[in-house]
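All ligand and atom numbering here is 1-based and tracks the order in the structure.
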Amino acid sequence: MQSSSSSASTPAAASGLVFDLGSAAGVPETHAWPGVNEYPSVESAGRDVVPVVDMGVACPDATRALARAADEWGVFLLVGHGVPREVAARAEEQVARLFVLPAPDKARAGRRPGEPTATGYGRPPLALRFSKLMWSEGYTFRAATVREEFRRVWPDGGDDYLRFCDVMEEYDREMRALGGRLLDLFFMALGLTDVQFATGETERRIRETWTATMHPILCPEPERAIGLTAHTDSGFITLIMQSPVPGLQLLRRGPDRWVTVPAPPGALIVMLGDLFQVLTNGRFRSPIHRAVVSRERERISVPYFLCPPEDMTVAPLASALLPGRKAVFRAVTWPEYMEVKHKVFGTDAPALEMLQLQVDEEEQGERAATT
Ligand SMILES: O=C(O)CCC(=O)C(=O)O
Ligand SMILES: [Fe+2]
């Protein structure tokens, strides 16, 4: 990886803390990304309004809005989602408390070297393949092991520790339940019947989750740095809670531009991942996105990833195939896909292309036209 071998043996380097971002007066070359301003950044307005889906409205309307947003953007702001404000506020408060802990406390919980997707504190896993460093710090953890993981931060297991774990477990329960409700809507949008999805193996299994948090820090020269570089999420669905400070941007084509996602209080962001694109045979897409940094306002985002269990083979759902269309992606498991993804991180090649099957477009078109 890019951290130099001379510093790789220190705890700070092991956790990715090779540079104290919080006290930096400028952006050093190690963190300066040349392509950050290649495309303009635009607000969510006019033809670039990021869709909003209200889950609180009656079903056909919510399903239609969700299908349109998933189809046209692969991302949307979610309101009426039923996650109590206090639960989200408590989680954000605990995450903020975690990030302001002294560096040695955080370093104790560092990601273990050589395990890029392992849990712990430091650079986000996707950062490991790039030659430049990102302006962010993050913890990755699984809800199921939150107590074990955070004993590394709070070895005494005192009140701070217990409060953190209680709140994060409460948040996990809410997000897990929301994930289930959202999947029901997605499956309805794909035309599965109640009976099919109530008993569906896929739905039951894709509720397995893991959780990560990240926190882009104030940056003295935001136009030269990036919090999280352009990527697509790999799993099924990411539910992002963010502080009311925009920072997430979506790449829109023709002309290429970065659309900033607004941050209305109480809304969550729903972002589709690559394997959801596979599951829906390309009908719903995983958008390219990134997180930018700011000079003035700190932003915390807490992405909650819904991913397939490791042994699940993900393939286009039969119900997602439009009449006359064939599957355009080959079946893949999560570990297999992560291997593909790690190979292409840091290059311009989209990992999903490697799963694409050669389908004769003409034949697809003819079959679709005759059904
Ligand atoms: O900060 C954000 O809102 C996005 C984070 C993100 O894209 C990710 O963790 O994959
Ligand atoms: Fe992402």
Side-chain angles (χ1 to χ4, degrees), residues 16 21 33 36 41 44 50 73-78 88 91-92 95-96 98-99 111 116-130 133-143 175 209-219 222 225-251 258-277 284-294 297-307 334 337-338 341-342 344-346 350-352:
L21 300 174
W33 289 68
V36 170
S41 291
S44 166
V50 176
W73 285 74
V75 68
F76 51 88
L77 285 160
L78 184 68
E92 189 183 338
V95 170
L98 192 62
F99 281 112
R111 286 198 175 91
T117 57
T119 51
Y121 174 70
R123 287 186 206 134
L126 87 85
L128 301 178
R129 307 283 293 206
F130 294 91
L133 302 174
M134 299 181 212
W135 204 271
S136 55
E137 56 182 316
Y139 281 88
T140 301
F141 56 95
R142 283 165 202 269
M175 297 311 268
T209 58
W210 58 288
T211 306
T213 68
M214 64 160 295
H215 170 78
I217 316 147
L218 291 186
C219 178
I226 193 79
L228 195 58
T229 195
H231 66 284
T232 55
D233 288 356
S234 305
F236 285 139
I237 299 175
T238 312
L239 304 172
I240 305 172
M241 174 176 72
Q242 60 177 343
S243 37
V245 177
L248 178 67
Q249 294 189 320
L250 306 163
L251 184 62
W258 288 106
V259 178
T260 303
V261 180
L268 292 165
I269 298 163
V270 177
M271 171 90 65
L272 302 186
D274 295 342
L275 292 182
F276 208 63
Q277 186 164 332
F284 298 153
R285 286 160 188 275
S286 56
I288 297 179
H289 58 282
R290 67 179 190 174
V292 293
V293 285
S294 151
R297 298 180 72 192
E298 293 206 326
R299 168 174 184 266
I300 287 179
S301 65
V302 184
Y304 184 97
F305 297 95
L306 288 131
C307 301
W334 171 256
Y337 187 56
M338 288 319 285
K341 197 110 187 201
H342 277 269
V344 303
F345 272 158
L352 261 184

When you measure from the side chain of [X] to the backbone of [Y], do you find a donor-acceptor pair of N or O atoms at a distance under 3.5 Å?
X	Y	answer
Ser136	Gly227	yes
Ser286	Asp233	no
Trp33	Leu133	yes
Trp258	His289	no
Gln242	Pro262	yes

Check [X] against ligand 1 and report side chain, backbone, both or neither, counting heavy atoms closer than 4.0 Å.
X	result
Phe305	side chain
Ile269	neither
Asp233	side chain

Which ligand 1 atoms are under 4.0 Å away from a heavy-atom of [X]?
X	value
Arg299	1 (O), 2 (C), 3 (O)
Ser301	1 (O), 2 (C), 3 (O)
Leu248	3 (O), 4 (C)

Over 60° means perpendicular and under 30° means parallel, so tell me whether Phe276 and Phe284 are parallel, tilted or perpendicular.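 Taking Phe284 first and then Phe276, their aromatic rings lie parallel (interplane angle under 30°).
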Need the atom name: nearest N/O/S atom of His289 to the Fe ion (ligand 2).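 Atom name of the closest N, O or S in His289: NE2.
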For the atom pair CG (Leu306) and CG (Leu272), what is the distance rounded to the nearest 0.5 Å?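 One finds 11.0 Å between CG of Leu306 and CG of Leu272.
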To the nearest 10 degrees, calculate the angle at the Fe ion (ligand 2) involving OD1 of Asp233 and NE2 of His231.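 The angle at the Fe ion (ligand 2) comes to 100°, rounded to the nearest 10°.
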Looking only at distances, please establish whether an N/O atom of ligand 1 is found under 3.5 Å from an N/O atom of His289.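 Yes, there is a polar N/O contact under 3.5 Å.
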Under 4.0 Å, counting heavy atoms only: does [X] come that close to any atom of ligand 1?
X	value
Pro303	yes
Met271	no
His231	yes

Does atom CZ of Arg290 have more than 12 heavy-atom neighbours from other groups under 6.0 Å away?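 Atom CZ in Arg290 is crowded, with more than 12 foreign heavy atoms closer than 6.0 Å.
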